[in-house]
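Remarks on the structure that follows.
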Amino acid sequence: MYTDYTNCRLCPRECKVNRNNGEVGFCGASAEAEVNRIDLHFMEEPVISGKNGSGTVFFTHCTMRCIFCQNKEISRRSSVGKKISAEQLAEQYIILEQKGAHNINLVSPTQYMPTIKKSIEIAKQNGIKIPFVYNTSGFERPEIIKGLKDYIDIFLTDYKYQSPFLAKEYSNCEDYPDFIIDAISQMIKITGSPVLNDDGILKKGTIIRHLMLPGQLSDTLKIMNKVKKYFNDTALFSLMRQYTPTGDNLPDELRRTISDLEYSTATEEFEALGLEGFVQSDSSVGTDKIPNFSQSI
Ligand code: SF4
């Protein structure tokens, strides 16, 4: 039993439910970690995927549950995965390393953080050498991130919103902008500035990702300026245009992809600010770019 699941305060929602006693909070996760897909993944930034792929573990449930979620098949409240222990997770990490993975990429890990920490301890005792990536929405309590020192080498974090209104409308968390700067600062304290190996693969560091949303260019520009102000030279920035409308319940403004004009304006700002990092090509758009979540474990 992990005591952090009792009176759960693992994310800023601080539901204070006793998951060890069968209660569930906003995310819907129980006290047993659950995964949907474990596999090599090639769709991350080139410094993460490399040519061998990133050893990716897709955890089920999510602390944000954005209405436009590209992974909504597994981020919803109901159970859609397979229960897995820390020991079994560690075994899977070793298998991924043996398959050639450049890293272990923990996607949507926050709600299972205690189990994940234990699994990393076990994998390290068993000799795993590749870096661990914490792939998060960015909706994190800085003190929880601080506890990941000695476990995580790379943070791959979203910076979703600067506007509290958008955060409330799309993810029911208007306090997202209150947490994001402190959370990323804590990540960078742990990783330091980005370091690549001889093959151009990230060994340690933080990548800040921003998924552009249709009609929200001004928020994107504010976010890039915040990144420049607070994290210039200490993190890489990844500007993503892959937003694809999925599901029937989206508001009208989210029922289209990013326009060429929106994207070119954003990339011009990226260059004008001198940000270090990545921009995506048009070919990144489309539902065929969303992983197949059918319990591949
Ligand atoms: S991890 Fe889940 S239960 Fe815990 S505080 Fe966050 S949303 Fe609530």
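All figures in this text were calculated on a predicted structure; none of them were measured in a lab. Order of appearance sets the numbers: ligands from 1, and atoms from 1 within every ligand. Residues: numbered from 1 along the sequence shown.
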Positive for side chain to side chain contact (heavy atoms under 4.5 Å, CB included) with Pro194, one of Leu202, Asp233, Thr234, Thr206:
Leu202
Leu106 and its side chain to side chain contact (heavy atoms under 4.5 Å, CB included) partner, picked from Tyr112, Phe58, Phe59
Phe59
One finds that the ligand 1 atoms under 4.0 Å from a non-hydrogen atom of Glu14 are 5 (S)
Exactly one of Tyr93, Phe155, Tyr151 clears ring-ring contact (aromatic ring centres under 6.0 Å, His included) with Phe132, and that residue is Tyr93
What residue among Thr115, Asn20, Asn18, Asn21 forms side chain to side chain donor-acceptor pair (under 3.5 Å) with Tyr5?
Thr115
Can Glu269 and Lys222 be counted as an ion pair, charged N to O under 4.0 angstrom?
no
For Ser85 and Gln88, test the side chains for any donor-to-acceptor distance below 3.5 angstrom and give the result as yes or no.
yes
Everything protein-side that's N, O or S and under 2.8 Å from atom 2 (Fe) of ligand 1: list it, residue and atom.
Cys27 SG
